[in-house]
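Along the sequence shown, residues are numbered consecutively beginning with 1. What you see is a predicted model; the values in this text were computed from it and never measured. Ligands are counted one by one from 1 in listed order, and the atoms in each one are counted from 1 as well.
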Amino acid sequence: MGQAKRRVLLVFGTRPEAIKMCPLVNVLKAREDQFEVSVCVSGQHREMLQQVLHAFDVVPDYDLDVMTPGQTLFDITSTVLLGMREVIERDQPDIILVHGDTTTSFAAALAAFYLQVPVGHVEAGLRTRNLRSPWPEEFNRQAVDVMADIYFAPTGQARENLLAEQKPPQNVFVTGNTGIDALATTVRDDYASALLDWARGSRLILITAHRRENLGAPMHEMFRAIRRVMEEHPDTKALYPIHMNPQVRAAAHEELDGFDRLRIVEPQDVLDFHNLMARSHLILTDSGGIQEEAPSLGKPVLVMRDTTERPEGVAAGTLKLVGTSEQGIYDAFSLLLNCESAYEKMTHASNPYGDGHASERIADILVATALL
Ligand code: UD1
Ligand code: UDP
């Protein structure tokens, strides 16, 4: 007699969670004999989430539609918590899966915990151990791991972090990061675009920035440093797909407008963004997910943050933590443009975050592991 199907509810709400959860949604859905799958999006991001759902052809069963312009952590936490109570009561899942470190994930896990529904944490175990950096993500990921029952750690280091916190070893699995599954489907040799045409013949710099703790003075310093370095290097062009946060937009336009070799463009579809990454000379970012994707593509990343929960990419040589001061970024960026050997050292492709099969592993574990 076959095992009863597992009812799995996946919950996510922002662009990066969607990029990393949609491959898993599609793998679980393909195993019709093993899983009944529902998807709930919080809508913490609106437009940037829709872009990803469309790219992976995922249609949510529930949409909490919580986003408001300039939303606060209070808004997201309270609306997701209340919304998830209703969804979980209606859907009656055997387990809910949340991802990473967003406030959607924290509030959804809390709702499941209150209703005594098991929680699986995808991308569990990342740590800076500094609750203020990244803020509030370090709290979110630690809090989800306090509530979780099954841990899908992307790397051996993440598993070690969880075991050091006395999580039960039999429930902590190393799966790789599902973001790398996504990358395997998006980067194409024959990719072409008008933006690439514009940049042809120059060294292409790719920029993103959005972290809450960098809003304000640090973000202005970041942009000033980038502009100064690029003004000194006429053979560079930059593309900056800008986050939709109005505070980010205001700072970027204030510092970067009027400089023709740097183009601020709207958030790119994931397929476009991954292909731009694959063709860039180097990347400047404060993003988490980009730190995981870049090593697989062998693209140097200057991480404009004071801490990283992704030490594997630093050890692999692809990532360099450069802080958020204007001079620190100026020095590190200039060095990579001026010194070929410093640049070369950061271009070796490696796969510390996975081999593209994380979602399959998670599906196998979900079938084999006893739930509460
Ligand atoms: C959120 C996550 C962060 C993640 C990031 C990825 C939290 C607290 N923050 O931060 O962990 O790294 O997403 O990008 O969970 N906006 C739109 N349309 C969109 C998306 C955002 O207009 O599609 C604007 C809205 O005004 C919104 C603001 O951006 O209020 C901020 O969005 P929010 O999700 O609160 O913060 P992020 O910085 O995006
Ligand atoms: N990304 C994208 N379009 C863009 C910029 C980024 O699809 O214009 C992708 C990127 O490849 C990575 C993810 O979005 O997979 C990172 O999202 P973000 O930086 O917003 O969040 P974080 O990873 O910092 O939580």
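Looking only at protein heavy atoms, the nearest one to atom 25 (O) of ligand 2 is Pro16 CG, 3.3 Å. Nearest protein heavy-atom contact of atom 19 (O) of ligand 2 is Ser287 OG, 2.8 Å. Of the protein's non-hydrogen atoms, the one nearest atom 33 (P) of ligand 1 is Gln71 NE2, 3.3 Å. Atom 9 (C) of ligand 2 has its closest protein heavy atom at Ile19 CD1, 3.5 Å. In terms of protein heavy-atom proximity, atom 22 (O) of ligand 1 is closest to Met67 CE, 3.4 Å. Distance from atom 1 (N) of ligand 2 to its nearest protein heavy atom, with residue and atom name: Phe273 CD2, 3.5 Å. Looking only at heavy atoms of the protein, atom 23 (O) of ligand 1 is closest to Met48 N, 2.9 Å. When hydrogens are left out, the protein atom nearest atom 7 (O) of ligand 2 is Val270 CA, 3.4 Å; that is the closest non-hydrogen contact. Here the heavy atom of the protein found nearest to atom 36 (O) of ligand 1 is Arg212 NH1, 3.0 Å. Regarding atom 15 (O) of ligand 2, its nearest protein heavy-atom neighbour is Glu293 OE2, 2.5 Å. In this structure, atom 21 (C) of ligand 1 lies nearest to the protein heavy atom His45 CD2, 3.7 Å. In terms of protein heavy atoms, atom 20 (O) of ligand 2 is closest to Arg15 NH2, 2.9 Å.
Checked against a 3.5 angstrom limit, the closest N/O atoms of Asp269 and ligand 2 fall outside it. Looking at Pro246 next to ligand 1, no N or O pair under 3.5 Å apart turns up. In terms of polar-atom proximity, Leu73 is not counted as a contact of ligand 1, lacking any N or O under 3.5 Å from an N or O of the ligand. Backbone and side-chain nitrogen or oxygen atoms of Glu137 are examined, and one is located within less than 3.5 angstrom of a nitrogen or oxygen of ligand 1. Close N/O approach between Gln44 and ligand 1 is found [any backbone or side-chain N/O within under 3.5 Å]. For ligand 1, the polar-atom distance check against Arg15 finds no nitrogen or oxygen pair separated by under 3.5 Å. Close N/O approach between Thr102 and ligand 1 is not found [any backbone or side-chain N/O within under 3.5 Å]. For ligand 1, the polar-atom distance check against Thr14 finds no nitrogen or oxygen pair separated by under 3.5 Å. Ligand 2 has no N or O atom lying under 3.5 Å from any N or O atom of Pro267, backbone or side chain. Backbone and side-chain nitrogen or oxygen atoms of Gly289 are examined, and one is located within less than 3.5 angstrom of a nitrogen or oxygen of ligand 2. In terms of N/O distances under 3.5 Å, ligand 2 is not approached by His243.
Looking at His121 and Asp145, their side chains do bring a donor and an acceptor atom within 3.5 Å of each other. Donor-acceptor pairing under 3.5 Å is lacking for the side chains of Ser359 and Thr178.
Inter-residue side-chain proximity for Met84 and Leu9 is flagged as met; some heavy-atom pair is nearer than 4.5 Å. In this structure, Phe333 and Leu284 have side chains that are in contact, with non-hydrogen atoms separated by less than 4.5 Å. Within the 4.5 Å cutoff, the side chain of Arg132 has no heavy atoms near those of the Glu213 side chain. No side-chain heavy atom of Thr104 sits less than 4.5 Å from a side-chain heavy atom of Leu64. Taking 4.5 Å as the limit, some side-chain heavy atom of Tyr191 sits within range of a side-chain heavy atom of Leu271.
Only side-chain heavy atoms of Arg211 come within less than 4.0 Å of ligand 2; its backbone N, CA, C and O stay farther off. Of the heavy atoms in Pro136, only side-chain atoms (C-beta onward) come closer than 4.0 Å to ligand 1. Residue-level proximity to ligand 2 for His210 is carried by the side chain, the only part with a heavy atom below 4.0 angstrom. The proximity of Gln268 to ligand 2, defined as any non-hydrogen pair under 4.0 Å, involves the side chain as well as the backbone. Heavy atoms of Gln51 found under 4.0 angstrom from ligand 2: none, in either backbone or side chain.
Heavy atoms of other residues, nucleotides or ligands lying less than 6.0 angstrom from CZ of Arg249 number more than 12.
Side-chain N or O atoms of Glu17 include one that pairs as donor or acceptor with a backbone N or O of Thr14 at under 3.5 Å. Panel note: side chain Glu138, backbone Arg129; a donor-acceptor pair is recorded below 3.5 Å.
Taking all atoms of both residues into account, the shortest heavy-atom contact from Arg212 to Trp135 is CB-O, 3.6 Å.
At least one heavy atom of Thr68 sits less than 4.0 Å from an atom of ligand 1. Within the structure, ligand 1 lacks Gln50 among the residues with a heavy atom less than 4.0 angstrom away. At least one heavy atom of Gly70 sits closer than 4.0 Å to an atom of ligand 1. In this structure, Gln291 does not count as a contact residue of ligand 2, since none of its heavy atoms falls inside 4.0 Å of the ligand. Taking a 4.0 Å cut-off on heavy atoms, Val248 fails to register as neighbouring ligand 1. For the pair Gln247 and ligand 1, no heavy-atom separation below 4.0 Å is found.
Proximity of the aromatic rings of Tyr343 and His281 is defined here by a centroid distance below 6.0 angstrom, and this criterion is met.
Each of Gln142, Glu309, Arg211 was evaluated against Glu137; a single residue qualifies, Arg211, per the side chain to side chain contact (heavy atoms under 4.5 Å, CB included) test.
The aromatic rings of His45 and His243 sit perpendicular to each other, their planes meeting at more than 60°, with 30° as the lower class boundary.
Nearest-residue assignment for atom 28 (C) of ligand 1 (options Thr72, Asn245, Asp75; heavy-atom criterion): Asn245. Closest heavy-atom approach to atom 8 (C) of ligand 1 within the set Thr103, Leu215, Asp101, Asn140: this belongs to Thr103.
Placement of Phe152 and Ile180 in two distinct hydrophobic clusters is found when ILVMFWY residues are connected by side-chain heavy-atom separations under 4.5 Å, directly or transitively. Under the 4.5 Å side-chain heavy-atom criterion for Ile, Leu, Val, Met, Phe, Trp and Tyr, Leu335 and Leu282 are members of distinct hydrophobic clusters.
The Ile76 neighbourhood of ligand 1 comprises atoms 35 (O), with distances under 4.0 Å to a heavy atom of that residue. Atom numbering of ligand 2 starts at 1 in the shown order; those under 4.0 Å from a heavy atom of Pro241 are 8 (O). For ligand 1, the atoms sitting less than 4.0 Å from at least one non-hydrogen atom of Met244 are 16 (N), 17 (C), 18 (N), 19 (C), 22 (O), 23 (O), 24 (C), 29 (O), numbered in the order shown with element in parentheses. Within ligand 2, the atoms closer than 4.0 Å to a non-hydrogen atom of His274 are 11 (O), 15 (O), numbered from 1 in the order shown. Atoms of ligand 1 found under 4.0 Å from any heavy atom of Arg46, numbered from 1 in the order shown, are 19 (C), 23 (O).
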